[in-house]
Amino acid sequence: MNGTLNKVMLIGHLGDDVKMHYFDGGNCIGRFQLATNEVYINKTTNEKITSTEWHNLVVRNKAAEICEKYLSKGDKIYIEGRIKSRQWQAEDGTIKHTTEIQVTEFTFLTTKKETEHNRPHQTSELPKNTNFENTNEGLPINDLPF
């Protein structure tokens, strides 16, 4: 195989509400942290250990607006995306580094709005699977390409 692959799939809980940043020209990005947990048993002490990993997520434009509208701290979400590292110079002159997940697709699994009303949400109210790339090229969804 000559190609490479940069793909991330995560299921986790939002660590905070989506923070929006707007730019000239109408574009925007949303940023939020996602917590994923690993639970295991320490074999020597039989103690249950939970380890949390935090991921910095970035969503763009329409996807960011949807996330801001429907998601809040604690909500569970499935995301797909790619890893991107970047660096910048802080005000004090130091070089800062970060690694982010550029989200390309997401599915809301639970939202606070859903649990507050204590009922399942209607699919018309809340988008379940949002892929912002047109992959079917105008073909009907159930149509095979051959």
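The figures that follow rest on heavy atoms only: side chains count, while hydrogens, waters and symmetry mates do not.
A continuous path of ILVMFWY side-chain contacts below 4.5 Å connects Met9 to Leu109, so both sit in one hydrophobic cluster. One hydrophobic cluster, built from ILVMFWY side chains closer than 4.5 Å, cannot hold both Ile29 and Val18; they sit in different ones. Residues Val8 and Val58 do not share a hydrophobic cluster, defined by chaining ILVMFWY side chains whose heavy atoms lie under 4.5 Å apart.
Looking at every heavy atom in both residues, Met20 comes nearest to Gly30 through SD-CA, 3.8 Å. Of all the heavy atoms in Tyr22 and Cys28, the pair that sits closest is CD2-CB, 3.5 Å. Of all heavy-atom pairs between His97 and Trp88, the closest is C-CZ3, 4.1 Å. The nearest pair of heavy atoms linking Gly15 to Trp54 is CA-CZ3, 3.5 Å.
Crowding of Asp92 atom CG: a count of heavy atoms from other residues, nucleotides or ligands under 6.0 Å exceeding 12. Other residues, nucleotides and ligands contribute over 12 non-hydrogen atoms within 6.0 Å of the CZ atom of Phe23.
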Derivation of the side chain to side chain contact (heavy atoms under 4.5 Å, CB included) call for Arg60 and Asn27
CA-CA 8 Å; Arg60 298 187 181 282; Asn27 291 328; over 6 Å; no
Could you go through the side chain to side chain contact (heavy atoms under 4.5 Å, CB included) check for Ile83 and Ile101 one step at a time?
CA-CA 5 Å; Ile83 297 173; Ile101 309 299; 3.8 Å; yes
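The CD atom of Gln87 lies 11.0 Å from the OG1 atom of Thr99; values are rounded to the nearest 0.5 Å. Taken to the nearest 0.5 Å, the CG atom of Leu14 stands 6.0 Å off from the CG atom of Leu34. Atom CD of Gln33 sits about 10.0 Å away from atom NZ of Lys19, to the nearest 0.5 Å. If you take NZ on Lys48 and CG on Asn42, they are separated by 14.0 Å, rounding to the nearest 0.5 Å. Here the CZ atom belonging to Phe106 is positioned 5.0 Å from the CD1 atom belonging to Ile66, to the nearest 0.5 angstrom. Expressed to the nearest 0.5 Å, how far CG of Leu57 lies from CZ of Phe32 amounts to 4.5 Å.
Within the 4.5 Å cutoff, no side-chain heavy atoms of Glu53 are placed close to those of Glu38. A heavy-atom distance below 4.5 Å is not found between the side chains of Ile77 and Asp75. The shortest side-chain heavy-atom distance between Thr36 and Thr52 does not fall under the 4.5 Å cut-off.
No donor-acceptor pair under 3.5 Å is formed between the side chain of Asp17 and the backbone N or O of Ser72. A donor-acceptor pair under 3.5 Å is absent between the side-chain atoms of Asp16 and the main chain of Lys73, judged by distance alone.
Under the side-chain hydrogen bond (donor to acceptor under 3.5 Å, both in side chains) rule, Glu100 has a single partner from Lys84, His55, Arg31, Arg82, which is Arg31.
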